[in-house]
Amino acid sequence: MDPVKLLLGFLVLGSVGQLHMVNGHGGTRVCKFPAIYNFGDSNSDTGAISAALSEVQPPNGESFFGSPSGRFCDGRLLVDFIAEKLKLPLLSPYLDSLGTNFRHGANFATGGSSIRPGGYSPFHLGIQISQFVRFKSHSTALYTQLTPNATSSPFKSKLPRPKDFSKALYTIDIGQNDLGYGFQHTTPEKVVASIPDILGQLSEAIHKLYEERARFFWVHNTGPIGCLPYTVIYDKSKPGSLDGNGCVKPQNAVAQEFNRQLKDKLLQLKKTLPLAVFTYVNVYSAKYELISYAKDLGFVDPLEFCCGSYYGYHINCGKKAIVNGTVYGNPCKNPSKHISWDGIHYSQAANLWVADHILNGSFSEPPVSIGEACHSLKNV
Ligand SMILES: *[C@@H]1O[C@H](CO)[C@@H](O)[C@H](O)[C@H]1NC(C)=O
Ligand SMILES: *[C@@H]1O[C@H](CO)[C@@H](O)[C@H](O)[C@H]1NC(C)=O
Ligand SMILES: *[C@@H]1O[C@H](CO)[C@@H](O)[C@H](O)[C@H]1NC(C)=O
């Protein structure tokens with residue numbers, strides 16, 4: 001799969017659920033999320049592309065899992081750090097038929113996915129929502145059939161508890177491919193014009209989840225797509241359009257416009273879906289800060305990347321090309337010093353830095369940490 005076709009995306013906001021909080025330390029009220037349901041693209045794919053289309057190749061996964069683990073990264077993704085923070089197991093991909101455990105949630109994110117149909121992947125957000133609806137009804141039917149002896153059944157213990165669906169955290173991280181596909185096939189102006197329709201479809205998806213009794217939404221906004229090394233390499237408008245960090249300004253401007261409208265959309269949804277709690281997470285700013293202070297934080301130039309190569313054409317991470325005796329595509333020796341793993345996806349070290357900064361709420365509106373994302377600001 002051409003990594004240019006795997007540009008990813010991100011999105012979360014706050015309201016009134018008080019179903020299951022307990023008093024934590026320092027007077028904060030911790031929500032006991034029993035499960036996570038995630039929707040998105042390769043930024044949070046934990047194995048769907050590997051299960052459905054073709055296996056992610058080594059050296060992906062080398063820094064943590066020791067095998068690719070279906071992730072476009074040397075290690076863990078933001079969604080993995082979210083699971084760790086909530087003390088839940090890492091999420092199994094819904095599409096994986098082997099070795100899965102859905103007791104504490106499922107991951108519907110698939111590399112290349114966009115919100116709207118017709119992009120790089122067949123598994124656009126509408127399909128991911130259909131998969132979730134089927135997953136919920138089917139797992140509930142199976143769980144109920146397996147009563148009452150079921151607690152001891154190894155099969156039942158891997159099914160979600162039906163009552164957990166309304167207590168779970170719903171994480172959404174998608175939109176980057178809608179923008180990336182648009183930039184590749186149209187113009188920045190046309191991409192901007194398409195944002196209301198893209199967000200209309202996101203809104204429909206959230207309505208469907210709400211009808212299924214989803215209540216707590218943690219939505220990542222989209223990252224600075226103009227700072228991805230591959231964006232910079234392929235951008236035709238440079239050098240006049242690069243900012244001080246070497247990022248493509250017009251693409252970042254579109255991402256910021258998308259984020260502005262996303263935040264508005266979530267505020268509207270909060271009014272129409274009274275029992276929902278939205279947390280909007282400004283992943284864009286966290287990533288941009290990381291890129292801006294790369295050097296001070298001990299990272300190499302943020303436009304360098306560790307795995308894969310560019311030699312007039314793109315050599316995917318995991319592939320090599322030999323040109324005049326020189327091998328291109330060998331991974332770097334120090335992935336933890338790189339912000340970009342493969343030119344498109346962030347490294348585990350970058351994901352960890354971003355997780356450390358977003359999960360405590362300092363980039364959220366309202367400013368709740370992930371453990372408290374069942375409360376709107378007024379209830380905190
Ligand atoms: C459930 O377990 C009980 C006690 O172990 C057993 O007597 C009964 O037959 C089991 N029922 C089913 C449907 O397996
Ligand atoms: C390989 O080396 C030859 C001779 O130096 C040169 O003419 C050619 O352009 C090189 N090819 C590539 C793809 O760099
Ligand atoms: C969140 O964590 C980051 C990184 O450790 C820290 O700089 C920031 O001050 C924290 N913010 C809050 C609100 O705790």
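Residue numbers run from 1 in the order of the sequence given. In this text, all values refer to a predicted model and were calculated from it rather than measured experimentally. Both counts, for ligands and for their atoms, begin at 1 and track the order of listing.
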Please list the nearest protein heavy atom to [atom] with its residue and the distance rounded to 0.1 Å.
atom                    : result
atom 13 (C) of ligand 3 : S362 CB, 4.0 Å
atom 14 (O) of ligand 3 : N360 ND2, 3.2 Å
atom 4 (C) of ligand 3  : H357 NE2, 3.5 Å
atom 5 (O) of ligand 3  : D356 O, 4.3 Å

Path from Y293 to F299 over hydrophobic side-chain contacts below 4.5 Å: yes
Whether H124 side chain and S113 backbone form a donor-acceptor pair below 3.5 Å: no
Main-chain N/O of F135 paired to S139 side chain as donor or acceptor, under 3.5 Å: yes
Within 6.0 angstrom of K320 NZ, more than 12 heavy atoms from elsewhere: yes
Contact bool for atom 9 (O) of ligand 3 (protein heavy atom, d < 4.0 Å): no
F258 vs L179 side-chain heavy atoms within contact, under 4.5 Å: yes
